[in-house]
Amino acid sequence: MSTEDEVAAADGAGTGGLSGDYGAILWEPDATVIERARITQFCRWLARERGLPLSDPAAAPGEAAPAGAAPGEADPAAQAERAYDELWQWSVTEIPAFWEAIWDYFGVLGERGDGPVLTGGPMPDTEWFPGATLNYARNALRAAAEDPGRTAIIAQSEDGARRTLSYGELAAEVARVRGALQALGVAKGDRVAAFLPNVPEALIGLLAAASLGAIWSSCSPDFGPPSVIDRFAQITPKVLIATERYRYGGKEFSRQQAAADIVAALPSLAAVIMVGSTASSSDAATDAAAGPRTLRWDDLPSGPADTGRGRGADLEFEEVPFGHPLWILYSSGTTGLPKAIMHSHGGIVLEHLKALSFHTGVGPGDTFFWYTTTGWMMWNYLAGGLLVGATVLLYDGSATYPATDALWRLAAEAGVTYAGTGAPYLLACAKAGLSPAAACDLSRLRGVGSTGSPLPPEGFHWVYDQVKADLLLGSFSGGTDLCTGFVGPNPLLPVRAGLIAGRCLGAKVEAYDPGGQPVTGEVGELVITAPMPSMPVGFWNDPDGARYRASYFDAYPGVWRHGDWIRMLPDGASIIYGRSDATLNRGGVRMGTSEFYRVVERLPEVTDSLVVDTGQIGQDGRLLLYVVLAEGSELGDTLTGSIRAALRSELSPRHVPDEIHQVPGIPRTLSGKKLEVPVRKILLGTPVAEAADPDALANPEVLHLFAPAVSPRRAEPR
């Protein structure tokens, strides 16, 4: 089959064009938006300070038309789009100059040094800013010195309780906890782990550990103890900060035994700090047989007296090399020991300053929110709001309690200006027929972010129809591996239904065909062909880098293979089709899973779905579709026919499944991702216990339903 036929089969669009419901322009920046965008100010700074002949995104009418513009053209959106493409091209061809400009433009606190920006060979043998020193926490808390009364954190729990901390108060708390960690023997390079919900103590702990040059790592309390131990035992933490309880969905869950089990499995611990505990603590050291010393967070001694203005004036920062590890994040761990991924102080500071300022437009005066837990990289990204001087909203609870519109009401009450969530939440709101615009005051909301899975066109339309017509909706794709998005929005690009607006600055994203050649307009492997500073500095316990190389660089030496299918469009926009390791291959045609879900889950009777192809190399398999149905629906001939007809007409005959099964739930990771690969392994004979770690799943009780011995209700092909 030709490449053009593959594209047609992939999206029903003929030879390379978009299907009818993709690409409709839903928002374009006007002259005011373009002028105010910080990315516009950056372009002007580059022209002024670096002498770069880049186009001004907001050039006034009557100025010389940019190259490629029609005579007399005065379309501000078109000019902004051309200017962004010019800036992006420069950012991925003049890589050292771009990242040095990011350091200088934002005035990163640290010593830049006289060394080069980038040294070494092809990826991953690159080193960023050798000789430079800085500290993430120092940069995150710079507003404490400049404007200590500015609100740093709004923390709200599911029961409505709210706490706020100014930047000065946050700095004072960081100083207090830093002193306690230091007294417990924590020093540069030691690990501090947390078993905490999304509460201020977690963010304070991160900053306190980072200020010492210690390495942070966190798991959410909804993780099972074996899953937490699989992660923390690898990194041998010196201190654990933990909770005994958390609240979710209107219920309180005790984690006292879970915390005890985790502590017992970590002999490296010198101390445990309990958050929210009502038990008394002892300041006396215990012997090794009795376990680590236990302290209460509220009982940690105050640090040295400050100036009285709540700035944490005696807060100090250990300046560390640019590449010194800041935190350790983990892969999902569903099919093996989670990879312990290390990111650096310098790489995260530069990347999050760039991403938040230029792509989401967040800065001082904004209230920044992302619905997340401490076990997902978006929590670390949310913390980056402090780097740009924003107010960070931390929410501890369910997105749908007491009702599906909980996050919109939270955004209204807190005056959120940028709200991020997962694509499934936006689709659930649309399916529930919600209209947040009618129910809530979202007058301050300027941007909505979506990540975790592809957002289909109808999700875009719902946001603009039912949330707000004059906001920037940003569909991002990235990952834990880089702790950022590498394709996403920015205020200079239009929002088009179903499309990710463009490649992020400094991210040379391409689609590769099976031969390792870049392609446009075709579905290919998502690769990054030039280094980025937030790429991992390595995996923990991988001294020679062999596991790191095997994870990203084996397929294409010197090129990062991310593991997703992507289709790059000629103008830089893109569509993500799902994981390439969950490929569906029907008659030699590769098909992404996201397009199946979009069609099937649009049916009112279907609330969730999962599709798996059991084919193997040289052997055709079965295309199996599993559906979770809405209350009162059943998988009879009528619904089966509707599913098949929709897939046939909207995608292609090859997308029609061989079998359709009804199940009570789709297995998902704790961060909400569907388990396509483990289910496929189970269907091919792998025991359930070996296919996925139940403690890494949000709903492990449903996994056994996919074992071949079980015969769920099914509809055979007709």
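The residues of the chain are indexed from 1 along the displayed sequence.
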*Relative to the ring of Tyr136, is the ring of Trp327 parallel (under 30°), tilted (30 to 60°) or perpendicular (over 60°)?*
perpendicular
*Between Thr243 and Val199, does a side-chain contact (heavy atoms from CB on, under 4.5 Å) hold up when you go through it step by step?*
CA-CA 10 Å; Thr243 186; Val199 292; over 6 Å; no
*For side chain to side chain donor-acceptor pair (under 3.5 Å), just list the numbers for Ser220 and Tyr246, CA-CA rounded to whole Å, side-chain angles, deciding distance to a tenth of an Å, and then say yes or no.*
CA-CA 10 Å; Ser220 174; Tyr246 75 98; over 6 Å; no
*So, for Phe358 and Tyr84, is the gap between ring centers shorter than 6.0 Å?*
no
*Just wondering, are more than 12 heavy atoms of other shown residues or ligands nearer than 6.0 Å to CZ in Arg162?*
yes
_Are Tyr371 and Tyr425, when compared by the centres of their aromatic rings, separated by less than 6.0 Å?_
no
*Any Thr484 side-chain heavy atom under 4.5 Å of Phe476 side chain*: no
*Please work out whether the ring planes of Phe322 and Trp103 are parallel, tilted or perpendicular, with thresholds of 30° and 60°.*
parallel
*Step by step, work out the side-chain contact (heavy atoms from CB on, under 4.5 Å) result for Leu482 and Ile528.*
CA-CA 11 Å; Leu482 287 85; Ile528 304 174; 4.0 Å; yes
*asked:* With a 4.0 Å cut-off on N to O distance, would you call Arg178 and Glu318 a salt bridge?
replied: no
*Which of parallel (below 30°), tilted (30 to 60°) and perpendicular (above 60°) describes Tyr552 and Tyr548?*
perpendicular
*asked:* For a 4.5 angstrom cut-off between non-hydrogen side-chain atoms, does Leu353 reach Asn139?
replied: no
_Taking side chain to side chain contact (heavy atoms under 4.5 Å, CB included) as the criterion, tell me which of Arg48, Arg44, Arg50, Glu49 meets it with Leu46._
Arg50
*Could you check if a side-chain atom of Val117 sits within less than 4.5 angstrom of a side-chain atom of Trp128, using non-hydrogen atoms only?*
yes
*May I have the step-by-step check of side-chain contact (heavy atoms from CB on, under 4.5 Å) for Met123 and Met535, ending in yes or no?*
CA-CA 10 Å; Met123 293 187 288; Met535 285 177 173; 3.6 Å; yes
_Working for salt bridge (charged side-chain N to carboxylate O under 4.0 Å, His left out), residues Asp366 and Arg446_ = CA-CA 10 Å; Asp366 283 309; Arg446 292 186 290 102; 2.2 Å; yes
*Would you indicate whether the side-chain heavy atoms of Thr391 and Phe368 approach each other to under 4.5 Å?*
no
*Mind checking whether Phe232 and Arg191 have side chains closer than 4.5 Å, heavy atoms only?*
no
*Mind checking whether Trp560 and His562 have parallel, tilted or perpendicular rings, split at 30° and 60°?*
parallel
